[in-house]
Every structure is written in C-alpha cells, then in structure tokens.
Amino acid sequence: MWRGRDVISARDFSRKELEELFEVAKYMEKYAKSRVNFLKGKILATAFFEPSTRTRISFEVAMKKLGGDVVGFWGPEGTSVEKGETLADAVRMLDAYSDIIVVRHKYEGAAKLAAEVAESPVINGGDGGFNHPTQAMLDVYTIWREFGTVDGLRVGLVGDLRHARTINSLLEIFTNFNVEISLVSPDFLRPRTETIDYIHSRGVKYSFHTSLEEVIHTLDVLYVVRIQKERFIDPLEYERVKGSYRVTQETLKNAKKNLILMHPLPRVDEIDYRVDYTPHARYFKQAALGVPLRMALIYLIIS
Ligand code: NCD
C-alpha cells in the first residue's frame with residue numbers, strides 16, 4: 001500500500017492505510033530511543049526552502065534511528081539555489097543522490113512539482129499554506145495513541161484556520177474518521193471553501209464558532225494554531241487578529257478533565273506558558289511522536 005509512494009496531500013490516504021501507518025509507528029516507538037539497521041545504506045535528502053525546526057529534525061532523526069543516512073540543505077544559503085538554480089533542478093540532483101526526498105517550500109504545489117521530476121518518492125514537509133500531510137498524520141496518531149481510537153471524539157480547531165496548512169491537512173485526514181469538529185476562528189479566518197466543501201462531501205460533522213468559551217466544555221481535543229503572519233496578504237488584517245484566542249488556565253476551567261491540548265508548534269503567544277504544566281498539555285509529546293511516525297512512514301515507503 002505504501003511502497004514507493006509520494007506523500008503530497010493528506011487526501012491521498014485511506015483509513016486502512018493510515019491505520020497501518022499508526023500500527024507501524026507504534027512498533028517503531030520501541031526503537032525511537034535506540035538505533036536499528038532497517039534502512040542501512042539508504043539515504044534521505046531534505047530540501048528545505050523554508051524555515052523548520054521539528055519537521056526537518058524529526059525526519060532526520062527518524063532516518064538515523066532506522067540506520068540510514070541524511071543529506072540536504074535548509075535555506076538556499078550555501079547551495080546553488082542561491083545562484084538561481086530552479087527547484088526542479090535542485091530536486092533532480094537530490095534525486096540522483098538519495099532514495100527519498102523531503103521538500104518544504106513556501107509555495108503551494110512545490111512538493112507536487114518535485115514529485116513530478118524525481119524518480120525517488122517525495123514527501124511534502126509543508127508547502128505553502130495548504131498542505132502538511134505528515135504533520136496531520138502525526139497529529140491523528142497522537143490522538144489515536146491518547147484515546148485508543150479517533151472515532152466518536154469531539155475536536156475543536158482554533159486560530160488561523162485559513163492560512164495554517166496543518167489545519168487543512170488535518171481536516172482532510174479527519175474525513176477518514178467519525179469525529180465532530182468545532183471550527184473556532186474569526187469569520188475571515190475560517191478554512192478555505194474548497195476544504196469545507198471537501199469535508200462536507202465526505203460527511204464530516206462540523207460547526208463554525210467565533211467564541212472558544214462556547215464550545216470548550218464539549219471537547220475531547222483542542223488543537224491550537226498560531227496566526228500565520230507570513231501568509232497574510234494584508235498586514236492590517238494580521239494586526240486586527242494577532243493575540244486573539246489565547247488559551248490560558250482560565251480558558252480551560254470548563255474543559256473536560258481528559259481534554260488534550262495540541263499545537264503543531266511553534267507557538268507564539270496562543271498558549272500561555274502556565275498551561276504547559278496542566279494535565280491537558282500534549283504539544284511536546286505530540287512533537288516527540290513525530291519521530292516514530294516518520295520512522296514508520298519512511299520505512300513503509302522505501303524498505
Ligand atoms: C507548522 C508549519 O510549518 O506549518 N509547524 C510544523 O511543521 N510543526 C506550524 C506553523 O508554522 O504554525
């Protein structure tokens with residue numbers, strides 16, 4: 001099901017495939033603290049044209065834990081991209097040197113373009129404001145590990161639902177499960193119409209809200225995203241919404257006891273630091289689960 005595949009959009013994966021991925025990720029958790037030889041001799045290349053901390057490092061760590069090697073670059077500095085080399089040419093070179101390529105880019109469609117020119121499988125490590133499929137996989141994996149299931153849960157998504165690619169991919173992945181989604185944002189930061197149309201067509205139950213207080217007591221999972229400053233076309237619009245939807249201990253006072261609070265990170269100020277010490281906080285564990293999940297992904301694709 002997975003061998004040789006590109007991972008470009010979360011829409012491309014079925015429930016069955018995701019469940020297989022989660023089972024393998026759980027198996028990989030055993031090895032996430034050591035090193036195995038499953039992919040000895042294989043090379044993963046990272047082509048990161050946009051900043052990243054967790055995605056790049058967790059892919060690199062995952063490959064190293066599997067016994068493989070890693071090459072690549074982040075930022076155009078020090079590479080021929082600075083001399084004007086195109087994305088397609090840079091990817092062609094990495095393709096010649098490696099077995100699997102992870103691409104991150106500020107433009108939507110960059111990963112698809114890379115997959116078209118590369119023979120090796122290409123994984124989208126986030127391109128533009130629309131797709132970040134492996135983040136969504138690890139997000140749903142975190143929920144699956146926490147609750148033992150994804151079905152029947154009520155999930156709240158809060159913040160910049162329009163520009164956050166993690167939100168779009170997460171909504172797409174959720175269509176494989178029986179979840180009920182509360183979308184909490186200012187009206188103009190609701191998810192894109194095409195995403196809403198997609199989840200609607202797949203029968204997901206969802207509702208729109210502007211106030212988190214209104215829904216907090218109903219939720220099992222609260223997923224927070226930062227306002228994506230760099231993706232706003234109009235800086236005045238950013239000024240209008242920055243600082244809204246800040247989650248504090250006060251916000252959580254009516255939450256269910258076992259509500260888990262997630263965030264793809266980096267956070268700016270949308271979660272108060274004191275919340276880190278409450279039993280709800282799961283964002284650091286979520287980031288840590290990126291390693292076994294990405295081990296499973298790489299393993300399933302190139303072993
Ligand atoms: C996200 C991203 O880059 O889209 N970070 C991540 O990959 N964990 C989230 C963000 O930048 O807000």
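Every number for a ligand or one of its atoms is a count from 1 in the order of the listing.
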> Is the cationic atom of Arg190 (NZ for Lys, CZ for Arg) positioned less than 6.0 Å from the six-membered ring centroid of Phe208 and within 45 degrees of its normal?
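The answer is yes, since Arg190 meets both limits relative to Phe208.
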> Is the distance between the ring centroids of Tyr273 and Tyr277 under 6.0 Å?
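No, too far apart.
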> Closer than 4.0 Å to some heavy atom of Gln135 - which atoms of ligand 1 meet that?
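Selected atoms, number and element: 6 (C), 7 (O), 8 (N).
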> Can you tell me which residue and heavy atom of the protein come closest to atom 12 (O) of ligand 1, and the distance to 0.1 Å?
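The closest heavy atom on the protein side is Arg226 NE, 2.8 Å.
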> Which protein non-hydrogen atom lies closest to atom 8 (N) of ligand 1, naming both residue and atom, and how far is it?
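Answer, as residue, atom name and distance: Pro264 O, 2.9 Å.
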> Please check if the distance between the ring centroids of Phe49 and Phe73 is under 6.0 Å.
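Yes, ring centres under 6.0 Å apart.
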> Measure Leu265 to ligand 1 on non-hydrogen atoms and call it side chain, backbone, both or neither using the 4.0 Å cut-off.
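Answer for Leu265: backbone.
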> Please report which non-hydrogen protein atom sits nearest to atom 3 (O) of ligand 1, along with the residue it belongs to and the distance in Å to one decimal place.
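Checking every protein heavy atom, the shortest distance to atom 3 (O) of ligand 1 gives Arg165 NH2, 3.0 Å.
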> Which of the numbered atoms in ligand 1 are under 4.0 angstrom from any heavy atom belonging to Gln228?
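So the atoms of ligand 1 that pass are 10 (C), 12 (O).
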> Side chain to side chain contact (heavy atoms under 4.5 Å, CB included), that's the test. Do His263 and Val225 meet it? Break it down for me.
CA-CA 6 Å; His263 190 305; Val225 275; 5.5 Å; no
> Tell me whether the guanidinium CZ or amine NZ of Arg104 lies under 6.0 angstrom from the six-membered ring centre of Phe48 and within 45° of its axis.
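No, Arg104 does not sit over the ring of Phe48.
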> Has Arg282 got its NZ or CZ under 6.0 Å from the middle of the six-membered ring of Tyr223, at an angle within 45 degrees of the ring axis?
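No, Arg282 does not sit over the ring of Tyr223.
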> Does only the side chain of Arg267 get under 4.0 Å from ligand 1, or the backbone, or both, or neither? Count heavy atoms.
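It is neither part, as no heavy atom is under 4.0 Å.
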> Within the 4.0 Å heavy-atom shell around Thr55, which atoms of ligand 1 are there?
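Atoms satisfying the 4.0 Å criterion: 6 (C), 7 (O).
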> Is a donor from one side chain sitting under 3.5 angstrom from an acceptor on the other, for Asp272 and Gln249?
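Checked: Asp272/Gln249 side chains show no N/O donor-acceptor pair below 3.5 Å.
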> Number the atoms of ligand 1 from 1 as they appear, then name those within less than 4.0 Å of a heavy atom of Arg104, with their elements.
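Answer, ordered by atom number: 3 (O), 7 (O).
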> For ligand 1, which atoms have a heavy atom of His132 less than 4.0 angstrom away?
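Contacts of ligand 1 toward His132, numbered from 1: 2 (C), 4 (O), 6 (C), 7 (O).
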> I'd like to know whether Arg5 forms a salt bridge (Lys or Arg N to Asp or Glu O under 4.0 Å) with Glu17, so could you lay out the CA-CA distance, the side-chain angles of the two residues, the decisive distance to 0.1 Å, and finally the verdict.
CA-CA 12 Å; Arg5 279 180 77 175; Glu17 288 162 342; 2.8 Å; yes
> Could you tell me whether ligand 1 has any atom less than 4.0 Å away from a heavy atom of Gly125?
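So Gly125 does not count as touching ligand 1.
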